[in-house]
Amino acid sequence: MAGVVFENVSKQYSGNTVASVQDLNIDIKDREFLVLVGPSGCGKSTALRMIAGLEDITQGDLFIGQRRVNDVAPKDRDIAMVFQSYALYPHMSVYDNMAFGLKLRKTPKAEIDTRVQEAAKILGIQQFLDRKPKALSGGQRQRVALGRAIVREPQVFLMDEPLSNLDAKLRVQTRSEISRLHQRVQTTTIYVTHDQTEAMTMGDRIAVMRDGVLQQLDTPETLYDNPANVFVAGFIGSPAMNFFDVTVEGTGDGVYLNHESFRIEVPARMRNEVGQYRDREVILGMRPEDVDVIPDVEERAANIKVDVVEPLGNENVLYLLAGDNPFVARVAPECRVTPGQNVAVSFDLDKVHVFDKETEKTVI
């Protein structure tokens, strides 16, 4: 096994004025499951392809284990890659698809059979070994692709959006299978996705990227509770964090965040940091689950309008309007409101986030 290290790595395609990946520094530990996440075009797949040797590095150094691999051919990097499209040979059986890479390496036939049978058992596809890929479902094909990677026993697994072609239910099932697989084989895994739910549920750590730049690298819990900036806060979490432009006001010893539809007092733990922005605008961030909706209040206090109600059984997701500012609340199913109704809201002040409006970096 081996870790992977990016040292000031950049990738710029000819004709582009902006690098697709800019000065990337990540130290991926041996046996770690790291997820690269971000919107389309953020550079996550380019970073993965540089590890695989499918993209040249414009600047910086890339290490697999102790070896600098900038100029090492893909076949000599001891990695295995799982693609979005499965990339199976349609004319070969499942067994031959899984064994193909080992045959090219002239691995002894008995060892090939042992590895294929073991991988098939881990993935629960022993009964499909004689079938062709066209006879399999999408989830089964993806397990074959995973099996083909496992039998190689590489130093590093690379996975490029392997679940994006599966339906929602199968994505959840295969997601848990990949997590169990990692726990069992303990191979360093780098996983690319644009789905933040996949990232949050699978990664030991998550690297959030935007426009080729690493925004934050940390555990799922830290990214959720302590995002570095507005982008990370809005990208991690579903439904996304709510944002409000508010003005910081001071009255005596108190500091307040004032919006046209509400006014909240800043908790004591945040007073010094937020107080520095007195008489200026900041961005208030609040997770949907930290918004409480109060339907039965006096008319003068009901200053928020319900726009859409999504009953999900275990909870209701409410789309609300504070003036022209849309936001979302996740509430208990017992909270019964209707579109067009006016309500009041309260925020869990222990969970408030405040961001600098100009830099969009976290204030506290």
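These numbers come from the heavy atoms of this one structure, side chains and all, not from hydrogens, waters or symmetry mates.
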Distance-only side-chain donor-acceptor flag, Asn229 / Gln216, under 3.5 Å: no
NZ/NE/NH1/NH2 to OD/OE distance under 4.0 Å, Asp96 and Lys103: yes
Hydrophobic cluster identity match, Leu36 and Leu217, side-chain contacts under 4.5 Å: yes
Main-chain N/O of Gly323 paired to Ser261 side chain as donor or acceptor, under 3.5 Å: yes
Backbone N/O of Thr114 and side chain of Gln117: donor-acceptor pair under 3.5 Å: no
Nearest-0.5 Å distance that lies between atom CD in Gln140 and atom CD1 in Ile125: 9.0 Å
Shortest non-hydrogen contact from Gly234 toward Ala240: O-CB, 3.3 Å
Short side-chain to backbone donor-acceptor contact, Asp130 and Ser93, under 3.5 Å: no
Aromatic ring pairing Phe244/Phe347, orientation class (parallel under 30°, perpendicular over 60°, tilted between): tilted
Inter-residue atom distance Ile190.CD1 - Leu48.CG, 0.5 Å rounding: 6.5 Å
Donor-acceptor pair, side chain of Asn316 and main chain of Cys335, under 3.5 angstrom: yes
In one Ile/Leu/Val/Met/Phe/Trp/Tyr side-chain cluster, 4.5 Å: Leu321, Met241: no
Donor-acceptor pair, side chain of Lys351 and main chain of Met286, under 3.5 angstrom: no
Polar side-chain atom of Arg49 near backbone of Glu55 as donor-acceptor pair, under 3.5 Å: no
Parallel, tilted or perpendicular: rings of His259 and Phe262 (30°, 60°): parallel
Pair Gln196, Tyr224: side-chain N/O donor-acceptor within cut-off below 3.5 Å: no
Verdict with supporting geometry, Val94 and Met98, side-chain contact (heavy atoms from CB on, under 4.5 Å): CA-CA 6 Å; Val94 167; Met98 293 173 64; 3.9 Å; yes
side-chain contact (heavy atoms from CB on, under 4.5 Å) assessment of Val343 paired with Leu318: CA-CA 11 Å; Val343 297; Leu318 308 182; over 6 Å; no
Enclosure of Glu273 CD (heavy-atom neighbours >12, cutoff 6.0 Å): yes
Test item: side-chain donor near acceptor, Ser164 and Gln84, under 3.5 Å: yes
CG (Asn314) with more than 12 external heavy atoms under 6.0 Å: yes
Donor-acceptor contact present, side-chain Arg269 to main-chain Asp350, <3.5 Å: yes
Atom pair CD1/CD of Ile26 and Glu32 - distance to nearest 0.5 Å: 9.5 Å
Closest contact, heavy atoms only, Ala233 versus Phe355: CB-CZ, 3.7 Å
Thr189 (side chain) donor-acceptor with Phe157 (main chain) under 3.5 angstrom: no
Neighbour count >12 (heavy atoms, 6.0 Å) for atom CZ, Arg184: no
Exercise: identify the closest heavy-atom pair between Asp204 and Arg31: OD2-O, 4.3 Å
Sidechain-backbone polar pair: Asp160 side chain, Phe83 backbone, donor-acceptor under 3.5 Å: no
Nearest atoms (heavy-atom pairs only) where Gln155 meets Ala2: OE1-CB, 3.0 Å
Residues Lys29, Asp27: salt bridge by 4.0 Å N-O rule: yes
Option passing side-chain contact (heavy atoms from CB on, under 4.5 Å) with Ile64 (candidates Thr188, Asp78, Ile51): Ile51
Step-by-step side-chain contact (heavy atoms from CB on, under 4.5 Å) determination, Met159 to Leu146: CA-CA 9 Å; Met159 300 190 183; Leu146 289 168; 3.6 Å; yes
Val291-Ile283 co-clustered via ILVMFWY side chain contacts under 4.5 Å: no
Residue pair Pro162 / Val82: nearest heavy atoms and the distance that separates them: CB-CG1, 4.1 Å
In one Ile/Leu/Val/Met/Phe/Trp/Tyr side-chain cluster, 4.5 Å: Val266, Ile364: yes
NZ/NE/NH1/NH2 to OD/OE distance under 4.0 Å, Glu198 and Arg175: no
side-chain contact (heavy atoms from CB on, under 4.5 Å) between Val352 and Leu284, intermediate numbers included: CA-CA 7 Å; Val352 165; Leu284 166 67; 3.4 Å; yes
Distance, nearest 0.5 Å, that separates CZ of Phe100 from CD1 of Ile112: 11.0 Å
Hydrophobic cluster membership, Val331 vs Leu349, 4.5 Å side-chain cutoff: yes
Distance in Å, Lys134 NZ paired with Leu88 CG, rounded so as to fall on 0.5 Å steps: 14.0 Å
Flag, side chain of Asn97 to backbone of Met92, donor-acceptor distance under 3.5 Å: yes
Tyr191 and Phe33 aromatic ring geometry - parallel, tilted or perpendicular at 30°/60° bounds: tilted
More than 12 heavy atoms of other groups within 6.0 Å of Arg336 CZ: no
Which atom of Pro74 lies closest to which atom of Ala52, heavy atoms considered: CB-O, 3.3 Å
CG on Asp211 to CZ on Phe231, rounded to 0.5 Å: 7.5 Å
